[in-house]
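Per chain, numbering begins at 1; letters A, B, ... match sequence-line order.
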Number of protein chains: 2
Amino acid sequence: MEINALRMKKKLEDYDFSKACPIRNVLDRFGDKWSILVILLLGEHKGPMRFNELAQTIGDISQKMLTVTLRTLEADGMVHRKHYPEIPPRVEYELTELGKGLLPHINGLTQWALKNYDAITKSRKKFIARKQFA
Amino acid sequence: MEINALRMKKKLEDYDFSKACPIRNVLDRFGDKWSILVILLLGEHKGPMRFNELAQTIGDISQKMLTVTLRTLEADGMVHRKHYPEIPPRVEYELTELGKGLLPHINGLTQWALKNYDAITKSRKKFIARKQFA
DNA sequence: CCGCATCCAAACGGATACTG
DNA sequence: CAGTATCCGTTTGGATGCGG
């Protein structure tokens with residue numbers, strides 16, 4: 001476990017922050033399965049949310065992936081993590097100003113997604129149908 | 001190869017179009033490494049672009065991934081593929097109306113990414129620095 | 001309650017060779 | 001030129017068990 005922590009650390013240190021193009025570098029963060037959804041939920045919710053509250057709202061996310069996602073968002077400065085050293089422990093998450101600034105853009109995307117969902121679904125089905133002949 | 005085609009076909013047919021939430025279903029498409037970039041390039045470019053034109057503009061995409069990305073975007077109805085059966089062959093791609101509608105939202109995201117790139121980079125470095133003590 | 005460590009399967013994506 | 005087929009390493013993410 002000591003070894004693994006060191007490996008993780010090394011991996012982060014090796015990361016070349018200067019090399020990648022800014023757009024790709026930032027947008028790649030939304031490539032993962034959950035980041036956008038978490039930001040969206042934290043954005044809708046009044047006040048901070050607890051770990052399990054997030055987990056239950058999302059429903060089908062594993063504990064591991066929620067932890068990973070929140071850590072990454074925290075590292076990027078999008079989410080603030082407040083840890084209360086009580087027993088049992090309590091941890092609350094909320095968007096930072098940076099995170100809130102992203103919200104309208106994500107909402108724009110999701111609105112578009114909702115509006116065009118049918119068109120996309122139909123297009124996918126048609127595409128498959130055409131492939132049946134090939 | 002016959003087998004592989006059948007497997008591919010089966011995979012698509014098995015896909016449950018009704019189950020997933022519309023937002024997740026659509027946004028998952030942007031999870032891959034290249035889709036957003038391709039849409040962005042097709043959006044900026046005047047008129048259609050050829051396969052190799054796209055490949056060279058992106059630079060570090062493999063032939064395989066460009067093909068896969070374009071096929072997926074075509075299936076979703078975001079990109080139109082025009083094939084000229086000449087020798088040598090020529091294939092042109094351009095955004096459909098659906099794809100064009102997405103453009104402003106993606107641009108919003110990338111503008112935000114550019115504007116906040118420094119802040120995010122700094123946050124990441126700070127986060128790593130804090131972890132050194134742990 | 002929250003989260004880390006480990007193991008493992010599946011998906012992603014690159015390199016290469018081949019085709020019309 | 002614009003692909004397709006195949007092999008293979010890397011990454012992702014789920015399941016489980018443990019720990020403060």
Side-chain angles (χ1 to χ4, degrees), chain A residues 1-12 14-15 24 28-38 48-75 79 81-93 131 134, chain B residues 1-12 14-15 24 28-38 48-75 79 81-93 131 134:
Chain A
M1 53 172 109
E2 191 61 26
I3 294 171
N4 199 292
L6 287 175
R7 203 158 25 184
M8 192 69 145
K9 192 174 131 185
K10 180 147 188 22
K11 203 170 171 185
L12 282 169
D14 282 348
Y15 196 88
R24 293 258 295 275
D28 274 0
R29 286 300 199 219
F30 310 135
D32 68 61
K33 228 176 165 182
W34 307 107
S35 291
I36 290 186
L37 190 54
V38 168
M49 289 181 81
R50 299 187 56 174
F51 185 88
N52 271 351
E53 199 179 353
L54 276 166
Q56 286 161 23
T57 308
I58 297 174
D60 59 340
I61 190 172
S62 67
Q63 220 173 25
K64 174 184 172 180
M65 288 319 297
L66 183 52
T67 301
V68 170
T69 302
L70 286 169
R71 282 296 167 288
T72 307
L73 291 176
E74 190 193 355
V79 160
R81 177 176 187 268
K82 188 160 188 183
H83 173 245
Y84 300 85
E86 310 165 349
I87 294 178
R90 181 161 56 104
V91 183
E92 292 182 343
Y93 297 91
K131 290 293 155 186
Chain B
M1 56 172 108
E2 192 60 27
I3 294 171
N4 199 291
L6 286 175
R7 203 156 26 183
M8 192 71 142
K9 191 174 131 186
K10 180 147 189 18
K11 202 169 169 186
L12 283 168
D14 283 348
Y15 196 89
R24 293 258 295 276
D28 274 1
R29 287 298 200 220
F30 310 135
D32 68 61
K33 225 175 166 184
W34 307 108
S35 292
I36 290 185
L37 190 54
V38 168
M49 290 181 79
R50 299 186 58 172
F51 186 88
N52 271 352
E53 200 179 353
L54 276 167
Q56 287 160 24
T57 308
I58 296 175
D60 58 341
I61 191 173
S62 66
Q63 219 173 25
K64 174 185 171 180
M65 289 319 297
L66 183 52
T67 302
V68 169
T69 302
L70 286 169
R71 283 294 170 289
T72 306
L73 290 175
E74 189 193 357
V79 161
R81 178 175 187 270
K82 189 160 188 184
H83 173 245
Y84 301 86
E86 310 165 349
I87 294 179
R90 182 160 56 105
V91 183
E92 293 181 341
Y93 296 91
K131 289 294 155 187

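Atom pair B:Asp28:CG and C:dA11:P shows a separation of 14 Å (rounding to whole Å applied). Computed from coordinates, the A:Asp32 CG to D:dG14 C1' distance equals 15 Å when rounded to whole Å. As a whole-Å value, the separation of A:Met49 CE from C:dC1 P is 16 Å.
Residue A:Ser35 holds its OG atom at 8.0 Å from CZ of A:Arg29, rounded to the nearest 0.5 Å. For the atom pair CZ (A:Arg81) and CZ (A:Phe51), the distance works out to 9.5 Å, reported to the nearest 0.5 Å. Interatomic distance, CG of B:Leu73 versus CG of B:Asp32, reported as 7.5 Å (0.5 Å rounding). The structure places CZ of A:Arg50 at 9.5 Å from OH of A:Tyr84, a figure rounded to the nearest 0.5 Å.
Among residues two or more places apart in sequence or in another chain, the side-chain hydrogen bond (donor to acceptor under 3.5 Å, both in side chains) test is passed with A:Thr72 by none. In this structure, the salt bridge (Lys or Arg N to Asp or Glu O under 4.0 Å) partners of A:Arg90, at least two apart in sequence or on a different chain, are A:Glu86, A:Glu92.
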Contacts table for residues 59-70 of chain A: side-chain donor-acceptor under 3.5 angstrom, sequence neighbours left out:
residue : atom : partner : partner atom : Å
A:Asp60 : OD2  : B:Arg24 : NH2          : 3.1
A:Ser62 : OG   : A:Met65 : N            : 3.2
A:Thr67 : OG1  : A:Gln63 : O            : 3.0
A:Thr69 : OG1  : A:Met65 : O            : 2.6

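In this structure, the helix from C:dC1-D:dG20 to C:dG20-D:dC1 shows an angle of 40° between the axis at its start and the axis at its end, each fitted on 5 base pairs and rounded to 10°.
Note on A:Arg50: a side-chain N or O is less than 4.0 Å away from OP1 or OP2 of C:dC2. At C:dG14, one or more side-chain N or O atoms of B:Lys33 fall inside 4.0 Å of OP1 or OP2 (strictly under the cut-off).
Shown for residues 59-71 of chain A: residues whose heavy atoms fall under 4.0 angstrom of DNA chain C, namely A:Gln63, A:Lys64, A:Thr67, A:Arg71. Residues from residues 81-92 of chain A lying near DNA chain D, meaning a heavy-atom separation below 4.0 Å, are A:Pro89 in numerical order.
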